[in-house]
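First the structure, in the form of structure tokens, and then the observations on it.
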Amino acid sequence: MSQPIEKGTEAKNIPAPLAPAELERMRHSAAHLMAAAVQQLWPTARFGVGPAVKNGFYYDLDLPVQLTQADLGKIEQKMRELKNKKLPYERIELPVDEAIAEMERRGQTYKVELLNLLKEKGSTAVAKETGDEDVIGSNESGGVAQVSFYKTGEFLDLCRGPHVESSNQIAVFKLMNIAGAYWRGNEKNPQLQRLYGAVFSTKEELDHYLWQLEEARKRDHRKLGQELDIFTFSDDVGQGLPLWMPNGTVIREELEKLAKEEERRDGYVRVSTPHITKDKLYYRSGHLPYYREDMYAPIEIEGEEYFLKPMNCPHHHQLYLARLRSYRDLPLRMAEYGQVYRYEQSGALSGLMRTRGFNQNDAHLYCRYDQAKDEFLKVMRLHARYYDMMGIKEYYMRFSKPDLSKLDKYVNEPEKWLAAMEIIKQAMDESGYPYVEAEGEAAFYGPKIDFMIKSVIGTEYAISTNQLDFVASERFELSYKGEDGKDHPVYVIHRAPLGSHERFVAFLIEHYAGVFPTWLAPVQAVIIPISDRHKEYAHQVYERLFSSEVPTATGGIRVLLDEARESMQKKIRNAQVKKIPYMLIVGDKEAEDGVVSVRLRSGVDLKAMPVEELIDRIRAEVKTRQDIVVS
RNA sequence: GCCGACGUAGCUUAGUUGGUAGAGCAGCCGAUUCGUAAUCGGCAGGUCAUCGGUUCGAAUCCGAUCGUCGGCUCCA
């Protein structure tokens, strides 16, 4: 049975879960070491917070200068100097008022602010704030009287600790990058310079981490997406609005075919809805007041306002309402790969990972209350089927709960929240999949789970979201006639296991490093005639492959014939660069024997093979969506 | 949206302290007809993101706009 493994965490800043406590202590101490170095270089520096994070630490700084890459080297050098002095990390406890006076004397206004919070509230935590490690433990609701500091050389920092004893215990570090960050995570506050550093206990680990970063760069879907002609953007079309090239469109179609097959098996029906809708619908759904700023401005037609749809749910609800529903109709599962538009902040956009227009693997399940747990569980199992198929070995669920003290942000119905959360919890426990819990992350209308998945190089992504919605049934009067002849409300489950095409394809590109399994490969086979005299035979081979019965989304094997006047070696190279699964060499020997010589992109030579055998092989890979592994 | 960096042919990029652009790959043409990751030669392609300013002169300096990237914030 699974247990929550972490609470209230944000994916990006999770302290490395497997790191021993000493490593985290070392990272935190490295943050102080860096701050000490910065203080020596810029004595007027003011300090924000500087916690340990995954792979290292950061420190938020208010400096008189804008740091450049060159400054990182300078700071790093100073850090080494200080490290080698074997500075002790000295713990000092002070009454809070004395602490405030001391920090005021040093001009550390941010620390003073934190101390005042500690004095008044006993905590510096702000809602959803992460990485604030300078909190002194206090379970009382009131303020704290005593706070602790750590002194490293001349640098004195408000800090709970713990720390290493001496600076030379900080093993290997490297300053990574500079970024902007708002003080206390609030965009109304001043922006500080955040310096990230990596810290590991051995050089090998640091090197491995740097290698991982390098590998991630190589796999970046924006780079591969361009090299493999999967998608593009156009300034003239607009920010965040991807254009899918033919290769990318193939991948979308294969994913959509997969979704249709799996959803059919799970009893879904398919629907289609329009891209624009009157404002009225979104007032009714309750989205407009919450999300108006995140929607494209309305189009006015004949005195009415039409919005580009930011989600499909209200439309599906209209379909639900189009006729009277009986308990016999439930669960009703409506699926649609729905195109939606959201006006995301420009700075949030990132390749296909974050776009303003995207196509969701959406569905809404309408069910009786007593069916909700099983339906939710079934959705979880569907996720797992997809992940197994794609070789995604590591995944867990993030259970997003509301912050019930903030009912302006969430629908104010505490009992319903609790009931819905209980259903999800039961389903999670029954599923056996691991999960974490996150407070204050729920949708405004209900709790949700996100599946967090890890690509083969360990990059973590939140791809899909599943929500249990108890609000829609009231807002839209979604009900059914029960056996008792009375109307009953339904639960609505929102789910999108494959997320959006945009984000999922971005994930797959990085996960596979562009080496797509045969069923997803935009081009599955290329025929390479050795010289002009083999073209006729090559055409025969092409015809047989092209017209073979293979159940791809595009209606047959995706095969090309490379007739360019290039050397065979060059054509092989071109196919390798494009990561095409099968290279079929045809020359004199093949033409004579009526076979093809098969080279895999792995470099493996399968030698000569009858064309029919090759077709059977590709058919098997497409049908099972698993590549046949050759060692 | 905010802070910072960046923006040279389809792609990757060179271009000293300002003196109106060079290359590789891709493309096209020609020769080569090749046995498992690049045959050779030629041609063409850039209003240096856009607009404005400073200057005798701007890819180089300044400003605005658009876009990209690293973060922050956000993510129904």
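Each chain gets a letter, A, B and so on, in the order its sequence line appears, and its residues count up from 1.
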Kindly say if A:Y196 contacts the phosphate of B:C72, meaning a side-chain N or O under 4.0 Å from OP1 or OP2. yes

When you compare the protein's N or O atoms with those of nucleotides 46-48 of chain B, which come within less than 3.5 Å of each other, and at what distance?
none

Qualifying residues under side-chain contact (heavy atoms from CB on, under 4.5 Å), relative to A:E305, sequence neighbours excluded: A:D279, A:R292, A:P298, A:F307

Take A:V598 and A:C313, find for each the nucleotide of RNA chain B with the closest heavy atom, and name the residue whose nucleotide sits nearer the 5' end. A:V598

Protein heavy-atom contacts under 4.0 Å, written 5' to 3' over nucleotides 1-14 of chain B as B (base), S (sugar-phosphate only) or - (none), form the string BBBS------SS--

Considering every strand and a 4.0 Å limit on heavy-atom distances, what is the contact class for A:R342: base, sugar-phosphate, or nothing? base

Which residue pairs pass the salt bridge (charged side-chain N to carboxylate O under 4.0 Å, His left out) test when at least one of the two sits in residues 595-609 of chain A, sequence neighbours left out? A:R601-A:D627

Give the residues of residues 565-584 of chain A touching RNA chain B, defined as any heavy atom closer than 4.0 Å, sorted by residue number. A:R565, A:E566, A:S567, A:M568, A:Q569, A:K570, A:I572, A:R573, A:Q576

Tell me every residue that passes side chain to side chain donor-acceptor pair (under 3.5 Å) with A:K280, counting only those two or more places apart in sequence or in another chain. none

Give a yes/no answer on whether the side chain of A:R599 brings an N or O atom under 4.0 Å of OP1 or OP2 in B:A37. yes

Residues that A:F470 engages under ring-ring contact (aromatic ring centres under 6.0 Å, His included), provided they are two or more places apart: A:W417

Report, one line per pair, each donor and acceptor closer than 3.5 Å where one atom sits in a side chain of residues 342-354 of chain A; sequence neighbours left out.
unit_1	atom_1	unit_2	atom_2	d
A:R342	NE	A:P310	O	2.8
A:R342	NH2	A:P310	O	3.0
A:E344	OE1	A:R354	NH2	3.0

Regarding A:S597, tell me which of base, sugar-phosphate or nothing describes its non-hydrogen contacts under 4.0 Å with the strands shown. base

Hits for side chain to side chain donor-acceptor pair (under 3.5 Å) against A:Y110, two or more places apart or cross-chain, chain-then-number order -> A:D62

Below 4.0 angstrom from OP1 or OP2 of B:U36, is there any side-chain N or O of A:K607? no

Go through the N and O atoms of the side chain of A:R354 and the base of B:C75, and report whether any donor-acceptor pair is under 3.5 Å. yes

For residues 559-571 of chain A, run the donor-acceptor check on the side chains, cut-off 3.5 Å, and write out each pair with its distance to 0.1 Å, sequence neighbours left out.
unit_1	atom_1	unit_2	atom_2	d
A:D562	OD1	A:A564	N	3.1
A:S567	OG	A:K570	N	3.0
A:K571	NZ	A:D562	O	3.0
A:K571	NZ	A:A564	O	2.9

Can you list everything that forms a side chain to side chain donor-acceptor pair (under 3.5 Å) with A:K416? Sequence neighbours excluded, please. A:E474

Using the side chain to side chain donor-acceptor pair (under 3.5 Å) criterion, which residues pair with A:Y491? Sequence neighbours excluded. none

Would one find more than 12 heavy atoms of other residues, nucleotides or ligands at under 6.0 Å from atom CD of A:E477? no

Give a yes or no on whether the backbone of A:G197 and the side-chain of A:K174 come within a donor-acceptor separation of less than 3.5 Å. no

